[in-house]
Amino acid sequence: MTASFSITMGPGGKWSAYIGKGKSVTLTAAGDSANVSALLYHAAYPSERYNMPDSLKAQHTAFYTAGHVLMSDQGRVLASIIEDTAGWHDPLGGYTTRKGTDGKYGPTSYQQERNAWLRSGEENLTVELYRHNLTPRDLSAPVNFFSKVVCELDGTMRYVPQPTDGRSVTLRTEMDVLLVVSNTPHPLNPSAVYPGAAVEIRITDAAPMTEDDLCVNHCGENRRAFENTWNAYALMKGAN
């Protein structure tokens, strides 16, 4: 994707696309209890993908907000979080399943409810992966944008409601990526009502990076990951 673009995912919606390096990807929630489960892959070599453990360990964090980056399993930066009005995005909670969705909200099916049936994150992400010649084996821990989950001292994870209506988060793509997203509930959201917030995705050209860039300078590990990314693209340019 090289041009400006926008799309709105309704509740239960899904979407995926190849997005070029140097783009600004803004997710904006149109209601509360929003949750967007997102996976990122290197567009040219999808075996390189977002790695949750390395990203959290390198940045000494258990959540994401502005200044954090989403690292690949090769120590490079797939995308940076350059703006955030939500304040907390969960990397630990995973995605909903068919069994969990039926158990919490009641069984539904396309055969009975048609497009009103309640989708799960696992199903949505799997469908979008197949569109790009990937399979369920390529599923991994997603980033749950707009959701807040606190890790307690005893190791339990606690879902904390936070306002999301009108809130947004903006990613800057540092590599050519495949983005796969699902607008489905967070698995730890205790509400018995399936969330109904639509989410807009808007993609534009990102502003040029400056020396005082928030994400590059967040910590030494971030800078090294950026250097790995810059070197990789410099070598690819040389090969062309």
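Side chains included, hydrogens not; waters and symmetry mates left out as well; all remaining heavy atoms used.
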- Message: On a heavy-atom basis, which atom in R76 and which in A232 lie closest, and how many Å separate them?
- Response: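 Smallest heavy-atom distance, with atoms named: NH1-CB, 3.8 Å.
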- With sequence neighbours left out, which residue pairs that include part of residues 87-100 fulfil the side chain to side chain donor-acceptor pair (under 3.5 Å) condition?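 Pairs touching residues 87-100 that pass the test: D84-H89, D90-N144, D90-H186, R98-D102, R98-E123.
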- Message: Below 30° counts as parallel, above 60° as perpendicular, anything between as tilted: where do the rings of F226 and W230 land?
- Response: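 It falls in the tilted class, 30° to 60°.
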If you define the side chain from C-beta out and look only at heavy atoms, does anything of [X] sit under 4.5 Å from [Y]?
| X | Y | result |
| --- | --- | --- |
| C151 | M157 | yes |
| Y41 | L78 | no |
| N222 | H68 | no |
| P91 | Y50 | yes |

Can [X] and [Y] be counted as having a side-chain donor-acceptor contact under 3.5 angstrom?
| X | Y | value |
| --- | --- | --- |
| H42 | S72 | no |
| S6 | E200 | no |
| D212 | T210 | yes |

- How would you list, by chain and number, every residue that makes a salt bridge (charged side-chain N to carboxylate O under 4.0 Å, His left out) with R167, sequence neighbours excluded?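 Here no residue qualifies.
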- Message: Any salt bridge linking R224 with E227? Criterion: basic side-chain nitrogen under 4.0 Å from a carboxylate oxygen.
- Response: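 Looking at R224 and E227, the cut-off is not met.
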- Report yes or no: do V77 and F63 belong to one cluster of Ile/Leu/Val/Met/Phe/Trp/Tyr joined by side chain heavy-atom distances under 4.5 Å?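 Looking at the clustering, F63 is in a separate group from V77.
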- For E152, does the CD atom have more than 12 heavy-atom neighbours from other residues, nucleotides or ligands under 6.0 Å away?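 Above 12, so yes.
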